[in-house]
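For reference, the structure is listed below as structure tokens.
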Amino acid sequence: MLERRSPIEKKPIIVAIDGPAASGKSTTAKLLAARLGYTYIDTGAMYRAVTLRVLREGLLDEIRRDESGIAELLEQITIGFQGHRVLLDGEDVSGAIRENRVSREVSFISSLKPVRDKLRELQQEMGRKRGIVMDGRDIGTVIFPDAELKIFLVADPRERARRRHAELSLKASGAAVPSIEELEAEIVKRDRDDEERTHAPLRRHADAVLLDTSKMTIDEQVNVVYELVNKIAGQ
Ligand code: DC
């Protein structure tokens, strides 16, 4: 009997999704991966986990003075995923890495070369088996420049602030949520930090498909990318 498999099952590919903060990368990537039966890898969570460990050890000021101080910590640290949960040295830190203090410092920690070198190695290893959707800032440019499909998501800053506000309000359960204006200012600052850093700045690979999600629903975003995967993987 003829084997009946979808084109996607025949040729697992790597889907690289990059873009600025709150552009819809992780929501799109997560849903897309579920639909394809692929593994989703949130590389921002990995940078957040390193930042959390630095904060817990009280090493931030020392590393600001001398960034070589992070090398020892990087040798000891283990980061992994269990489904969508993020594990730092075996502990589930999925909630802790979203705390504000981590969000404030993660741009600095992710700008350090030793951190990028370590996480690049880990991420490339995770992609070896293919059939992955990986999102971040440098996936299409540095981690997998040969990924069969590269997507660059953008959305205007006000819209991104509105989305972040809605997301935080949903989770806040009584805690104060920053205003849309404050969130927009934070987003614009983080874009600038990520774009202007020396190592692996946020840039669109020339081959990446540019998708402006300002006026798109999540379903529409996922559908567009799913169709692109289908086209490529079915060839
Ligand atoms: O996607 P996120 O907001 O969780 O990412 C947190 C930070 O990590 C963000 O400021 C940029 C950085 N980052 C990065 O430099 N490279 C990646 N591949 C992913 C995230």
Side-chain angles (χ1 to χ4, degrees), residues 14-30 32-33 40-55 60 63 67 70 74 77 79 81 84-88 93-127 132-145 147 150-155 157 160-161 163-165 167-168 171 178 183-205 208 213 221:
I14 294 180
V15 184
I17 304 187
D18 291 304
S23 56
K25 296 183 303 292
S26 60
T27 314
T28 306
K30 220 178 278 175
L32 177 75
Y40 165 55
I41 300 165
D42 173 359
T43 62
M46 300 170 79
Y47 288 96
R48 285 171 180 273
V50 176
T51 307
L52 179 65
R53 172 95 191 247
V54 168
L55 291 171
L60 188 64
I63 291 167
E67 66 174 65
I70 202 161
L74 288 171
I77 203 167
I79 299 171
F81 292 92
H84 288 168
R85 281 181 311 201
V86 187
L87 303 183
L88 169 63
V93 292
S94 313
I97 59 167
R98 305 287 158 197
E99 285 169 13
N100 245 336
R101 61 182 188 135
V102 175
S103 300
R104 269 197 309 271
E105 307 302 342
V106 63
S107 265
F108 164 63
I109 295 297
S110 67
S111 71
L112 304 175
K113 187 168 185 299
V115 176
R116 301 215 74 86
D117 288 347
K118 161 100 182 182
L119 294 195
R120 184 182 59 236
E121 213 173 281
L122 274 176
Q123 290 158 10
Q124 287 175 338
E125 183 58 39
M126 289 172 171
I132 61 157
V133 181
M134 189 176 275
D135 77 356
R137 302 295 191 288
D138 61 341
I139 312 307
T141 49
V142 175
I143 307 299
F144 293 117
K150 300 189 257 302
I151 304 284
F152 198 83
L153 286 189
V154 294
R160 290 190 274 144
R163 290 177 188 169
R164 187 64 27 118
H165 190 264
E167 191 182 289
L168 290 174
K171 287 189 203 143
L183 290 170
E184 185 177 350
E186 268 176 32
I187 281 173
V188 169
K189 179 182 181 304
R190 199 126 73 86
D191 285 356
R192 205 175 40 232
D193 290 346
D194 293 344
E195 283 162 9
E196 290 178 354
R197 68 181 177 215
T198 312
H199 307 295
L202 172 66
R203 267 189 303 109
R204 180 167 85 90
H205 188 286
T213 68
Q221 293 168 39

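Order of appearance sets the numbers: ligands from 1, and atoms from 1 within every ligand.
- No donor-acceptor pair closer than 3.5 Å links the side chain of Arg190 to the backbone N or O of Ser107.
- For CD of Glu195, the number of neighbouring non-hydrogen atoms (other residues, nucleotides, ligands) closer than 6.0 Å is greater than 12.
- In this structure a side-chain-to-backbone donor-acceptor pair under 3.5 Å is missing from Arg116 to Ser111.
- Scored by the ring-ring contact (aromatic ring centres under 6.0 Å, His included) test, His199 finds no partners at all (sequence neighbours excluded).
- Shown are Leu74, Ile79, Thr43; of these, the side chain to side chain contact (heavy atoms under 4.5 Å, CB included) with Leu119 is made only by Ile79.
- For ligand 1, the protein residues within 4.0 angstrom (heavy atoms only) are Thr43, Gly44, Tyr47, Arg48, Arg98, Val106, Ser107, Ser110, Arg116, Gly136, Arg137, Asp138, Ile139, Arg190, Asp194, Arg197.
- Distance CD1/Ile17 to CD/Gln221: 9.5 Å, rounded to 0.5 Å.
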